[in-house]
Each structure stands twice: as C-alpha cells, then as structure tokens.
Q: 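Can you read through this structure? Questions will come right after.
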Amino acid sequence: MAAAHGHRSDGADGLGDVKDTEGADRHSGAAGPPAFRAAVEALRGCRLRPQVEVEPTPAPQRLAPYAYALEAVVLDGEQELADGRLVLLHDPAGHDAWRGTFRLVTLVRAELEPEMAADPLLPEVCWSWLTGALGARGLGYGEPSGTVTRASSHYFGGLADRPAASQIEIRASWTPREGRGGVPDAGAHLTSWCDLLAQVGGLPPAGPGDTSVVTLPQRRGPQSR
C-alpha cells in the first residue's frame with residue numbers, strides 16, 4: 001500500500017498530521033476512558049466489503065490525548081485502486097474546534113486520468129463523495145472541514161518515457177455525533193469511510209447510494225501494487 005504522506009497541519013483538525021507517530025504505542029486503543037475503548041472496539045469489529053483491506057497502524061499522539069488509527073487499501077485482485085488513513089481522536093475534556101470529545105481525521109488518495117483531474121468541478125465532486133457517504137448511512141456529524149488537492153506529474157530526461165500522472169487527495173475531518181455514554185457510532189463511520197474509498201477507487205456502490213452525490217467518468221485504471 002502506498003504510504004500516506006504527511007503535510008503541514010491545517011489548524012486544530014490536524015489534517016496534515018496523520019503520519020505523526022511519536023509515542024504511537026501509548027493510548028493505541030488498549031487503554032483510555034470507557035467511551036474511547038468502546039469506540040475502538042466498534043472499529044475493530046466492523047465488517048467491511050471484501051475489496052477494502054483495513055489494518056491498524058501507529059496513531060498520531062500530538063493531536064489528542066487518545067488516538068487510534070487505521071490504514072486501508074482498495075483492491076481489484078492484486079491491483080491497488082485507492083488508499084487512505086482514518087484516525088479516531090478523543091479528548092475527554094472536549095475541544096472547542098471540534099464541538100465534541102471525538103474527531104475523525106482522514107486522508108484518501110487515488111490516481112486519476114489527466115482529463116478528470118482537469119475538470120473544474122473535481123474538488124466539489126470529491127467533497128460531495130465524502131458528505132454523501134456519511135449522509136447515505138444517516139450518520140450525524142458536525143464541524144466538517146477539509147481540502148481536496150489534485151496534483152499532476154510530468155516526466156523529463158531519463159524518465160521521459162513515463163506517461164503523465166495525476167492524483168486526487170482528500171484530507172478531511174468531522175465530529176461524529178455521540179450516542180449513549182458519549183460513544184459515537186464509530187463502526188458506521190468506518191463503513192462510510194470505506195464507501196468513500198471505494199468510490200474514489202472507481203468501484204460500484206455496495207448498496208443503495210445517496211442520489212445527491214455527483215459522479216464523474218474516466219477514472220484511471222487500477223495501479224499495480
């Protein structure tokens with residue numbers, strides 16, 4: 001799976017800090033307040049579509065007192081379609097910017113056809129994929145924020161035989177609605193996030209989708225792992 005590259009932090013959400021693994025073993029889900037442990041167990045027990053492989057990864061520790069992270073890859077056979085990282089943050093004292101005690105932070109990436117990358121509606125479309133994935137499962141959330149970045153690479157000299165490549169990157173965070181005991185439905189949020197990964201990777205929906213989500217043609221073909 002391609003590594004999720006870190007960038008600078010975009011404020012309190014820490015959108016760019018998903019690779020900060022200092023003290024990664026501390027508060028990795030085995031310890032913490034009951035609400036955090038329950039949310040982590042929900043993530044671990046979630047059943048997902050078979051094309052999405054998810055596994056734990058060291059969690060950042062500078063963003064909140066407690067954190068748990070997962071990384072995922074969307075596969076078509078042995079070929080990689082998209083990859084991403086999801087981090088569950090918890091601050092029992094609450095966070096003014098979150099307006100809650102939990103926060104989900106994500107990074108999602110996929111290769112694109114250059115024609116699709118040049119579409120002026122691409123950022124709005126990709127953001128609609130995120131909000132649509134949450135809305136399609138009826139999940140309550142607040143304070144969403146994020147960025148959609150498209151980048152193109154052109155090769156010269158000894159690399160001139162390589163075709164131009166384009167990539168989309170979605171960095172986002174949101175506050176999941178807390179339920180009984182202050183515990184969010186973390187498993188459902190993980191399922192929605194995997195729906196987003198699958199959509200970015202070009203897979204058809206696993207079930208009835210949100211008709212408000214816009215789709216674009218010409219996704220890039222699968223990339224070899």
Q: Could you grab the distance from atom CG of L130 to atom CD of Q199, nearest 0.5 Å is fine?
A: 10.5 Å

Q: Heavy atoms only: give me the nearest A67-V87 pair and the separation to one decimal.
A: CB-CG1, 4.5 Å

Q: Does some side-chain heavy atom of I168 sit less than 4.5 Å from a side-chain heavy atom of C126?
A: yes

Q: Would you say that V40 contacts R37 through its side chain, given a criterion of any heavy-atom pair below 4.5 Å between the two side chains?
A: no

Q: Do E111 and S166 have side-chain N/O donor and acceptor atoms under 3.5 Å apart?
A: no

Q: If you group Ile, Leu, Val, Met, Phe, Trp and Tyr by side-chain heavy-atom gaps below 4.5 Å, do V200 and L203 land in one group?
A: yes

Q: Would V183 and W98 show up in the same hydrophobic cluster when neighbours are defined by side-chain heavy atoms closer than 4.5 Å?
A: no

Q: Would you say that S153 contacts R162 through its side chain, given a criterion of any heavy-atom pair below 4.5 Å between the two side chains?
A: no

Q: Would you say L104 and Y141 make side-chain contact, with heavy atoms under 4.5 Å?
A: no

Q: Supply the atom-to-atom distance L89 CG to H95 NE2, rounded to the nearest 0.5 angstrom.
A: 9.0 Å

Q: Heavy-atom distance under 4.5 Å between the side chains of Q167 and T149, does that happen here?
A: no

Q: My understanding is that only residues two or more places apart in sequence, or in another chain, count here; which of them pass side-chain hydrogen bond (donor to acceptor under 3.5 Å, both in side chains) with R177?
A: none

Q: I'd like to know if R85 and E71 make a salt bridge, using a cut-off of under 4.0 Å between side-chain N and carboxylate O.
A: yes

Q: Could you pull out all residues at least two apart from E124 that satisfy side-chain hydrogen bond (donor to acceptor under 3.5 Å, both in side chains)?
A: none

Q: Which atom pair, heavy atoms only, marks the closest approach of E80 to L75?
A: CA-CD2, 4.0 Å

Q: Taking all atoms of both residues into account, what is the closest heavy-atom pair of A198 and V74, and its distance?
A: N-CG2, 4.1 Å

Q: side-chain hydrogen bond (donor to acceptor under 3.5 Å, both in side chains), that's the test. Do R103 and S173 meet it? Break it down for me.
A: CA-CA 7 Å; R103 189 77 171 171; S173 65; 2.8 Å; yes

Q: Would you call D195 and R137 a salt bridge, using N to O less than 4.0 angstrom?
A: yes

Q: Do the rings of F36 and F102 sit parallel, tilted or perpendicular, given the 30° and 60° boundaries?
A: parallel

Q: Test W129 against every option in L197, L196, V148 by the side chain to side chain contact (heavy atoms under 4.5 Å, CB included) rule and name the one that passes.
A: L196

Q: Is there a donor-acceptor pair under 3.5 Å between the side chain of Q51 and the backbone N or O of D76?
A: no

Q: Identify the heavy atoms of C194 and V52 that sit nearest to each other, and give their distance.
A: SG-CG1, 3.7 Å

Q: Which residue pairs pass the side chain to side chain donor-acceptor pair (under 3.5 Å) test when at least one of the two sits in residues 182-193, sequence neighbours left out?
A: T106-W193, W174-H189

Q: Distance from R44 atom CZ to Y68 atom OH, nearest 0.5 Å?
A: 4.5 Å

Q: How long is the gap from CG on D161 to CG on L159, to the nearest 0.5 Å?
A: 7.5 Å

Q: Would you name the heavy atoms of A39 and A186 that are closest together and state the gap between them?
A: O-CB, 3.5 Å

Q: So which heavy atom on P58 is nearest to which on A69, and how close?
A: O-CB, 4.0 Å

Q: Is any side-chain heavy atom of D96 less than 4.5 Å from a side-chain heavy atom of R99?
A: no

Q: To the nearest 0.5 Å, how far apart are CG in L107 and CG in L86?
A: 10.5 Å

